[in-house]
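As structure tokens, the structure follows; a few thoughts come after it.
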Amino acid sequence: MENQIKQILLENSEALFGIQIEEKLIQFQNTRKDVEGDLTLVIFPFVKMLKVSPIDAGEKIGSFLQEKLSFIDKFNVVSGFLNFIIADSHWLNELKNMDENPKFGYSTENSKPTLMVEYSSPNTNKPLHLGHLRNNFLGYSVAEILKANGHKVVKTQIVNDRGIHICKSMLAWERFSPVNENGERETPGNTGMQGDKLVGKYYVEFDKQFNIEANEIIQQWENGEFNGFPEDSIVEFNRLQDSKVEKDEKATKGIDAKIKDLAKNQTSLLLDAKEMLIKWEARDPEVYLLWTTMNNWVYQGFDVTYKAMGVDFDKLYYESETFIIGKELVEKGLKDGTFFRKEDGSVWIDLTDEGLDEKLVLRSDGTAVYMTQDLGTAFDRFNDYPDLDGIIYTVGNEQDYHFKVLFLILKKLGFSWAQNCSHLSYGMVELPKGMGRMKSREGTVVDADDLMEDIVDSAKEMTQERGHIEGMSEEDKNELYRTIGMGGLKYYLLKVDPKKKIVFNPNESIELNGNTGPFIQYTHARIKSLLRKAENVGELKDVSLHHEEKEILKHLSMFPNLIEEAGKNHSPALIANYSYELVKLYNHFYQAVTILKEENEELKNMRLVLSRNVAKTIAQGMRLVGVNVPEKM
RNA sequence: GGGCUCGUAGCUCAGCUGGAUAGAGCACCUCCCUUCUAAGGAGGCGGUCUCAGGUUCGAAUCCUGACGGGCUCACCA
């Protein structure tokens with residue numbers, strides 16, 4: 001419709017305006033609620049060239065278009081806005097088209113380039129938390145939205161299964177796990193704990209013991225006991241101590257933190273963990289066995305969590321494999337001069353010309369860092385999928401700088417695909433003021449499994465109170481509680497623009513009224529109930545439309561465009577907000593108009609077909625954000 | 001300190017590439033179940049779009065600066 005108007009204006013530009021106008025001057029917008037009309041053309045851009053008032057310009061353009069286009073029933077001009085009233089037959093035709101298309105709004109499958117969406121990417125030393133929920137729901141949804149746009153999509157993750165942090169929990173388990181009467185340390189089997197929770201427990205334990213030891217070292221230093229510590233640490237300690245003189249409280253605090261870091265680096269625990277990492281990279285059999293065992297516990301735990309979240313993956317990548325590829329890339333880059341080696345053996349890239357810093361890509365002890373493996377992983381992926389066009393990395397915005405650097409290095413290494421890699425950067429999930437930050441090490445996280453369980457419980461409570469669940473089996477009821485609870489949680493985390501942070505108060509349960517998942521699910525269930533009662537729906541005939549009906553049709557016909565926008569912007573929030581609008585329009589209609597008791601069969605039919613397509617669009621939209629919709633609730 | 005980013009109603013958020021009198025939900029106050037699911041609907045209350053300049057016929061939206069929050073600048077990931 002918009003395109004047709006645009007085309008007519010462009011073709012007749014000389015006649016209308018005296019010159020050939022630019023396409024971007026033709027701007028449409030939705031007509032204001034209090035003005036009659038279905039579509040509005042902004043007239044201001046044409047006023048100057050027509051040398052008449054905005055009203056006259058609008059009249060001229062309006063009558064010209066009305067003559068050419070049959071779907072324009074009437075038009076009016078209010079100040080600089082030309083409002084078209086579109087014929088009912090046009091909207092009924094739209095309804096007919098969407099009704100015939102079960103995949104209304106979706107593009108042809110695999111008609112666009114292959115994309116990879118990376119999300120989740122957990123560390124294997126701790127359980128998933130609230131932040132991961134946002135990440136997983138977002139990544140999953142964006143992948144589904146891209147599929148709906150016709151892309152072939154590979155869902156993937158990079159499993160953070162190696163590194164110093166993994167060694168920390170391994171070491172802590174070896175050192176601090178109690179031993180039972182059979183001489184065994186704690187395992188998921190003998191404790192009944194989910195594997196990831198058990199390993200996470202030891203990660204926290206490491207940090208605790210590590211801090212105790214660091215504090216003891218500081219104590220020793222303050223007492224002048226420096227035996228056994230390296231010279232440079234002692235010198236640095238004394239320098240920092242002296243610099244505290246006559247500083248205010250804040251500055252002193254900062255210096256104390258630096259001293260703490262210094263001491264941490266001298267703890268036997270950290271030194272042992274580092275040694276363990278070197279052994280691991282050298283494939284020491286004992287360390288490798290421990291690593292394999294503990295990681296498998298974690299994977300079994302994660303499986304439970306992913307299943308509850310309702311997300312899936314097509315292909316997994318492991319850092320324990322790709323870091324090697326990364327190291328090879330670094331070797332190659334050293335030879336061609338992309339990287340350089342410092343005296344201590346560490347390898348760097350100089351990005352100061354790009355306004356960034358020097359960045360480490362390999363430690364002096366030869367072990368890999370985060371960047372090393374990310375280079376390797378990207379290379380590996382394009383190698384595995386020759387038709388791969390680009391990668392979308394779903395990672396929090398705290399890593400904005402990392403990805404800027406990563407893509408730049410890949411480009412400098414000469415990979416042309418680097419320009420098609422993008423960082424889907426989302427805002428942190430924060431706790432309300434005064435509750436601090438979520439830190440796994442400090443145990444101040446909202447656990448993903450616990451949260452999902454809580455929300456399903458509260459959905460159960462609400463459903464038992466007001467749901468239509470009589471006659472349902474226990475199994476179906478439980479499934480419904482899960483659908484509603486998880487729907488509420490997903491919608492809550494996805495309705496906000498991904499770029500923005502979310503403040504989450506764990507003490508307040510997630511709202512299930514208003515702009516929420518269950519509100520949308522409810523409308524779907526209600527329509528389904530209506531359609532069940534209607535039994536059969538007849539052919540669509542030419543009838544005249546109520547205002548409420550036309551509003552819904554206008555909104556429905558925007559759905560294909562919306563999916564495209566959501567794909568372009570990598571934003572499930574657009575889908576969520578669209579669905580919410582649709583549901584509000586429908587509920588208004590539902591209240592204002594009778595459907596089953598309508599005596600005019602043709603009208604009744606049209607309303608049922610309309611309802612059917614609203615339900616379908618809700619279901620399809622919700623599917624794209626990972627939310628299921630029930631037939632009854 | 002450098003870089004990035006955010007600041008819209010008491011709270012949580014929409015406001016597309018600049019367009020008409022800035023919109024929802026929650027909370028608070030009224031109404032509406034002998035029409036199909038009231039997890040619903042109708043109405044009320046609530047705003048200097050952080051502030052100050054600038055660009056423009058027109059700015060919540062673009063530019064500059066200030067103030068306030070967040071992230072980041074690791075041989076952590």
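As a basis for the values below, the full set of heavy atoms in this structure was taken, side chains included, without hydrogen atoms, waters or symmetry mates.
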Phosphate contact ([N] OP1 or OP2) by [X] side-chain N/O below 4.0 Å:
{"X": "A:Lys24", "N": "B:U17", "answer": "no"}
{"X": "A:Arg466", "N": "B:G40", "answer": "no"}
{"X": "A:Lys500", "N": "B:A14", "answer": "yes"}
{"X": "A:Ser79", "N": "B:A20", "answer": "no"}
{"X": "A:Lys126", "N": "B:A77", "answer": "no"}
{"X": "A:Lys404", "N": "B:G3", "answer": "no"}
{"X": "A:Arg363", "N": "B:C76", "answer": "yes"}

Open item on the list: Using only modelled atom types and a 3.5 angstrom limit, is any donor from either the side chain of A:Thr516 or the base of B:A39 paired with an acceptor on the other?
Closed with: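 Side chain to base: no pair below 3.5 Å.
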Open item on the list: Looking at the base of B:A20, is there any donor atom on it, or on the side chain of A:Thr40, that sits under 3.5 Å from an acceptor on the other one?
Closed with: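 Per atom types, the contact qualifies.
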In whole angstrom, what separates [X]'s [atom1] from [N]'s [atom2]?
{"X": "A:Lys51", "N": "B:C57", "atom1": "NZ", "atom2": "P", "answer": "16 Å"}
{"X": "A:Glu358", "N": "B:G3", "atom1": "CD", "atom2": "P", "answer": "19 Å"}
{"X": "A:Asn30", "N": "B:A22", "atom1": "CG", "atom2": "C1'", "answer": "16 Å"}
{"X": "A:Tyr401", "N": "B:C76", "atom1": "OH", "atom2": "C1'", "answer": "15 Å"}
{"X": "A:Gln27", "N": "B:A59", "atom1": "CD", "atom2": "P", "answer": "15 Å"}
{"X": "A:Asn397", "N": "B:G69", "atom1": "CG", "atom2": "C1'", "answer": "13 Å"}
{"X": "A:Asn513", "N": "B:C13", "atom1": "CG", "atom2": "P", "answer": "18 Å"}
{"X": "A:Gln464", "N": "B:A39", "atom1": "CD", "atom2": "P", "answer": "15 Å"}

Open item on the list: Within the structure provided, determine whether A:Val361 and A:Trp348 are in side-chain contact (heavy-atom separation under 4.5 Å).
Closed with: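 Not touching, per the 4.5 Å side-chain cut-off.
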Open item on the list: Within the structure provided, determine whether A:Lys501 and A:Val503 are in side-chain contact (heavy-atom separation under 4.5 Å).
Closed with: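 Answer yes - side chains close enough.
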With heavy atoms under 4.0 Å as the rule, sort [X] into base, sugar-phosphate or nothing.
{"X": "A:His588", "answer": "sugar-phosphate"}
{"X": "A:Ser425", "answer": "nothing"}
{"X": "A:Ile164", "answer": "sugar-phosphate"}

- [ ] Have a look at A:Ser121 and tell me which of A:Ile158, A:Asn135, A:Val395, A:Val159 forms a side-chain contact (heavy atoms from CB on, under 4.5 Å) with it.
- [x]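 Result: among A:Ile158, A:Asn135, A:Val395, A:Val159, A:Ile158 is the only option passing the side-chain contact (heavy atoms from CB on, under 4.5 Å) with A:Ser121.
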TODO: State whether A:Lys632 and A:Glu470 are salt-bridged, where the test is any N-O pair (Lys NZ or Arg NE/NH1/NH2 against Asp/Glu carboxylate O) under 4.0 Å.
DONE: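 No salt bridge links A:Lys632 with A:Glu470.
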Task: A:Lys126/A:Asp196 salt bridge by N-O under 4.0 Å criterion - done: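 No.
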Open item on the list: Measuring from the side chain of A:Asn587 (C-beta onward, heavy atoms only), which nucleotide among B:A20, B:C57, B:G41 has the closest atom?
Closed with: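 Closest nucleotide among those given: B:G41.
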Distance between [atom1] atoms of [N] and [M] (Å, rounded):
{"N": "B:G40", "M": "B:C4", "atom1": "P", "result": "44 Å"}
{"N": "B:C67", "M": "B:C32", "atom1": "C1'", "result": "48 Å"}
{"N": "B:C13", "M": "B:A20", "atom1": "C1'", "result": "24 Å"}
{"N": "B:U61", "M": "B:G25", "atom1": "C1'", "result": "23 Å"}
{"N": "B:A22", "M": "B:U48", "atom1": "P", "result": "13 Å"}
{"N": "B:C29", "M": "B:C6", "atom1": "P", "result": "38 Å"}
{"N": "B:A60", "M": "B:G53", "atom1": "P", "result": "14 Å"}
{"N": "B:G18", "M": "B:G54", "atom1": "C1'", "result": "15 Å"}

TODO: Would you classify B:C33 as syn or anti? Syn applies when the glycosidic angle is within 90° of 0.
DONE: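 The base of B:C33 is oriented syn (glycosidic angle within 90° of 0).
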Task: Base of B:G19 and ring of A:Phe44 stacked, centres under 5.5 Å, planes under 30° - done: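 Stacking between A:Phe44 and B:G19: present.
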TODO: Evaluate whether the aromatic ring of A:Phe81 and the six-membered ring of the B:A20 base sit under 5.5 Å apart, centre to centre, with an inclination under 30°.
DONE: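 According to the criterion (under 5.5 Å, under 30°), yes, A:Phe81 stacks.
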Task: Between A:Ser320 and A:Asp161: side-chain donor-acceptor atoms closer than 3.5 Å - done: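 Yes, side-chain donor-acceptor contact under 3.5 Å.
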Task: Side-chain donor-acceptor contact under 3.5 Å, A:Gln399 with A:Tyr370 - done: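 The answer is yes; a qualifying pair exists.
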Task: For B:A9, the Watson-Crick or wobble partner whose two distances fall under 3.5 Å - done: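 None - no nucleotide pairs with B:A9, as no candidate has both distances under 3.5 Å.
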- [ ] Measure from NZ or CZ of A:Lys168 to the centre of the six-membered ring of A:Phe210, then state whether that distance is under 6.0 Å and the direction lies within 45° of the axis.
- [x]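 Relative to the ring axis of A:Phe210, which defines the angle, A:Lys168 lies inside both limits.
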Open item on the list: Against the six-membered ring of A:Phe323, is A:Arg162 placed for a cation-pi contact (under 6.0 Å from the centre, within 45° of the normal)?
Closed with: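 Geometry flag: set, cation within 6.0 Å and 45°.
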Task: Atom NZ of A:Lys460: over 12 foreign heavy atoms under 6.0 Å - done: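 Not buried by this count: 12 neighbours or fewer within 6.0 Å.
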With 3.5 Å as the limit, what N/O pairs link the protein to nucleotides 27-34 of chain B?
none

